[in-house]
Amino acid sequence: MNNAMISSLNQSKLSFTSFSNPLPRKHSSFNALKFSPLPIIQNSQKGLNFDTTSQKPLHISSIGSFSFSRKTQQEKPVTVCNAYEADRSRPLDINVELPDEQAAQKIKIGMYFATWWALNVVFNIYNKKVLNAFPYPWLTSTLSLACGSLMMLISWATRIADAPKTDFEFWKTLFPVAVAHTIGHVAATVSMSKVAVSFTHIIKSGEPAFSVLVSKFLLGDTFPLPVYLSLLPIIGGCALSAVTELNFNMTGFMGAMISNLAFVFRNIFSKKGMSGKSVSGMNYYACLSMLSLLILTPFAVAVEGPQMWAAGWQNALAQIGPNFVWWVAAQSIFYHLYNQVSYMSLDQISPLTFSIGNTMKRISVIVSSIIIFHTPVQPVNALGAAIAILGTFLYSQAKQ
């Protein structure tokens, strides 16, 4: 007879010593059997010292071959069970095979990375196409934020996604993050309107150098020696790429540098202000986009203005045709999607893994943009890019 049950036996309260024998008295061998306060425990883990004097209750997970017949008594102990202490997290003997959660998590992270990289590559391609035909980065940046904000408002209204529960304190702590995000977004777009996509991302691979310098001199943080050493190939590689760039433009170069600095401050403000906030990565970026849109719109109107936009829009439609509208829509949608996926991935992976993924993302963007736009690259320029990216990877390893 096989039964499965869960019971809790406390040595101080329960005792089986007064067990009445249901069998005839002639079975003297069974009458002599005395039950200990706990059932006989046969554990498959050899060599395990089980302390029966413990005051902790025991949970019996299974009992098998329970019988009072003489045959059972001669062959095996009366009771065979698996047991574990109440404060343990699992039985001492586990025979059930669980799903490989670690492998499933790796697949999930891999899907996040693949989606993140693909969306980022598509965004950069369409963004560059739009900027080539419509060189107004302030409006382009505004449209990207507006599109993402509209998408999330529709998602919340239709219950596709749960709206976050926020208060005034949340928006107050988000404000400096949004300011830094706005500056970094516009500066990067300005850079790509002046230089090749590959060159912008080579310069942006130097962001770790800005992170260390700001943390060191403004926040007083200290880092191990390998972190400082990893900055040498980053700075050297970026410098080599800059001086050998065939279509170098100072505005484009400074835009990428300002973007690096702004995103460093965005990360610092985000870590300090959002600790303990129970907002998902997707909703966090949605709120960030909406607040950045409110900050950016008046500046975009002041710097470029509706008259310039109208003239530029007509010129782009005349050159490209209706496809230009689809380019603008695509770059706006994919900008929000790739950022949203990157923030969602932060809920699942460590900052180190995210940093490595960001490095690999830049490689995919640089290579794909060179192929699609037929960007001329000198061997020494490619060497500088490789050195800078290698330094970024070494930096992520040194910081762990």
*Asks:* Tell me, do Ser230 and Pro208 make a side-chain contact under 4.5 Å, heavy atoms counted?
*Replies:*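 Ser230 does not reach Pro208 side chain to side chain.
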*Asks:* On a heavy-atom basis, which atom in Pro224 and which in Ala398 lie closest, and how many Å separate them?
*Replies:*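 Taking every non-hydrogen atom into account, CG-O, 4.3 Å.
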*Asks:* Would you compute the distance between atom CG of Leu293 and atom OG of Ser289 and round it to the nearest 0.5 angstrom?
*Replies:*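 Atom-to-atom, Leu293:CG and Ser289:OG are 8.5 Å apart.
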*Asks:* I need the minimum non-hydrogen distance between Asn381 and Ser241, along with the two atoms involved.
*Replies:* ND2-O, 2.8 Å
*Asks:* At their closest point, which heavy atom of Ile387 faces which heavy atom of Pro233, and how far apart are they?
*Replies:* CG2-O, 3.3 Å
*Asks:* Is Leu296 close to Trp138 at the side-chain level, that is, under 4.5 Å between some pair of heavy atoms?
*Replies:* yes
*Asks:* Going through the checks in order, is the side chain to side chain contact (heavy atoms under 4.5 Å, CB included) test met by Tyr284 and Ser270?
*Replies:* CA-CA 10 Å; Tyr284 176 78; Ser270 182; 3.0 Å; yes
*Asks:* Between Ser191 and Ala187, is there a donor-acceptor pair closer than 3.5 Å when you use the side chain of the first and the backbone of the second?
*Replies:*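 Looks like no, no N/O pair under 3.5 Å.
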*Asks:* Taking the side chain as everything from C-beta on, heavy atoms only, tell me whether Asn247 gets closer than 4.5 Å to Val195.
*Replies:*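 Heavy-atom side-chain distance check fails, nothing below 4.5 Å.
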*Asks:* Which of these passes side-chain contact (heavy atoms from CB on, under 4.5 Å) with Ser332: Thr140, Leu143, Leu150?
*Replies:*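 Option passing the side-chain contact (heavy atoms from CB on, under 4.5 Å) with Ser332: Leu143.
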*Asks:* Would you indicate whether Tyr338, at its atom OH, is surrounded by more than 12 heavy atoms from other residues, nucleotides or ligands within a distance under 6.0 Å?
*Replies:*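 Correct, the count exceeds 12.
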*Asks:* Just how far is it from atom CZ of Phe393 to atom CD1 of Ile389, taken to the nearest 0.5 Å?
*Replies:*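 Phe393 atom CZ to Ile389 atom CD1 measures 12.5 Å (nearest 0.5 Å).
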*Asks:* Look only at the side chain of Asn283 and the backbone of Val279, and say whether a donor-acceptor pair between them is shorter than 3.5 Å.
*Replies:*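 No; judged by distance alone, with no hydrogens or angles, the pair does not exist.
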*Asks:* Using a 4.5 Å cut-off on heavy atoms from C-beta on, say whether the side chain of Gln331 contacts that of Lys128.
*Replies:* no
*Asks:* May I ask you to check whether Trp117 and Phe113 place their ring centres under 6.0 Å from each other?
*Replies:*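 Yes, close enough.
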*Asks:* Tell me whether Ile202 is reachable from Ile371 by hopping between hydrophobic residues (I, L, V, M, F, W, Y) whose side-chain heavy atoms are closer than 4.5 Å.
*Replies:* yes
*Asks:* So Phe253 and Glu245, do their side chains get closer than 4.5 Å, heavy atoms only?
*Replies:* no
*Asks:* Transitively linked via ILVMFWY side-chain contacts under 4.5 Å: Met250 with Phe199?
*Replies:* yes
*Asks:* Quick one: OG1 on Thr297 to CG on Leu139, what's the gap to the nearest 0.5 Å?
*Replies:* 9.5 Å
*Asks:* More than 12 non-hydrogen atoms from neighbouring residues, nucleotides or ligands closer than 6.0 Å to CG on Asn315, yes or no?
*Replies:*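 Yes - once you tally the heavy atoms of other residues, nucleotides and ligands closer than 6.0 Å, there are more than 12.
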*Asks:* Working to the nearest 0.5 angstrom, can you tell me the gap between Phe263 CZ and Arg266 CZ?
*Replies:* 5.0 Å
*Asks:* Nearest 0.5 angstrom please: Leu288 CG to Phe175 CZ, how far?
*Replies:* 12.0 Å
*Asks:* Does Glu207 form a side chain to side chain contact (heavy atoms under 4.5 Å, CB included) with Met257? I'd like the steps, not just the answer.
*Replies:* CA-CA 8 Å; Glu207 184 177 325; Met257 297 288 281; over 6 Å; no
*Asks:* What closest approach, in Å, do Ala178 and Ile295 show between heavy atoms, and which atom pair accounts for it?
*Replies:* CB-CD1, 3.9 Å
*Asks:* Step through it carefully: locate the ring centre of Tyr285, locate the ring centre of Tyr343, and say whether they are under 6.0 Å apart.
*Replies:*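 Centroid distance Tyr285-Tyr343: below 6.0 Å, so yes.
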*Asks:* Answer yes or no: is there a donor N or O on one side and an acceptor on the other, between the side chain of Asn120 and the main chain of Trp116, under 3.5 Å?
*Replies:* no
*Asks:* Going by side-chain contact (heavy atoms from CB on, under 4.5 Å), Thr392 matches just one of Ile363, Asn358, Ile234. Which one?
*Replies:*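 Only match with Thr392 under side-chain contact (heavy atoms from CB on, under 4.5 Å): Ile234.
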*Asks:* Should Asn127 and Phe334 count as side-chain neighbours, where that means a heavy-atom distance under 4.5 Å?
*Replies:*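 No, too far: nothing below the 4.5 Å cut-off.
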*Asks:* Taking the six-membered ring for Trp and the single ring otherwise, decide whether the centroids of Phe324 and Trp313 are under 6.0 Å apart.
*Replies:* yes
*Asks:* Please report the C-alpha distance between Lys204 and Ser259 in whole Å, then the side-chain angles of each, then the deciding distance to 0.1 Å, and finally whether the side chain to side chain contact (heavy atoms under 4.5 Å, CB included) criterion is met.
*Replies:* CA-CA 8 Å; Lys204 283 180 65 64; Ser259 177; 2.8 Å; yes
*Asks:* Spell out, as yes or no, whether a donor-acceptor pair under 3.5 Å connects the side chain of Asn124 to the backbone of Val197.
*Replies:* no
*Asks:* Under the 3.5 angstrom rule, does the side chain of Asn339 hit a backbone N or O of Tyr335 as a donor-acceptor pair?
*Replies:*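 Yes; at least one donor-acceptor contact below 3.5 Å.
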*Asks:* Counting heavy atoms not belonging to Phe373, are there more than 12 under 6.0 Å from its CZ?
*Replies:* yes
*Asks:* Spell out, yes or no, whether Leu213 and Leu232 are grouped together once hydrophobic residues are joined by side-chain heavy atoms under 4.5 Å, including indirect joins.
*Replies:*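 As far as the 4.5 Å side-chain criterion goes, Leu232 and Leu213 are not connected within one cluster.
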*Asks:* Can you check whether Ser141's main-chain N or O pairs, donor with acceptor, with His185's side chain at less than 3.5 Å?
*Replies:* yes
*Asks:* Got Asn323 and Trp327 here, is their nearest side-chain heavy-atom distance under 4.5 Å?
*Replies:* yes
*Asks:* Please report the shortest heavy-atom distance between Lys216 and Tyr228, naming the atom on each side.
*Replies:* CD-OH, 3.6 Å
*Asks:* Looking at Ser215 and Val212, would you say the former's side chain and the latter's main chain have a donor-acceptor pair under 3.5 Å?
*Replies:*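 Checked: no pair found.
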*Asks:* Are Leu337 and Thr115 close enough, and set up right, to give a side chain to side chain contact (heavy atoms under 4.5 Å, CB included), and what steps lead you there?
*Replies:* CA-CA 9 Å; Leu337 290 179; Thr115 306; over 6 Å; no
*Asks:* Applying a strict under-4.5 Å side-chain criterion to I, L, V, M, F, W and Y, I'd like to know whether Val301 and Val190 cluster together.
*Replies:*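 Both belong to a single hydrophobic cluster.
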*Asks:* Check for me, please, whether Val122 and Ile366 land in the same ILVMFWY cluster - side-chain distances under 4.5 Å, paths through other members count.
*Replies:* yes
*Asks:* What heavy-atom pair brings Leu246 and Pro376 nearest, and what distance separates the two atoms?
*Replies:*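 Distance-wise, the nearest heavy atoms are CD1-CB, 3.8 Å.
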*Asks:* Rounded to the nearest 0.5 Å, how far does CG of Leu131 lie from CE of Met192?
*Replies:* 7.0 Å
*Asks:* Under a 4.5 Å cut-off applied to non-hydrogen side-chain atoms, are Cys287 and Trp171 in contact?
*Replies:*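 Yes, side chains in contact.
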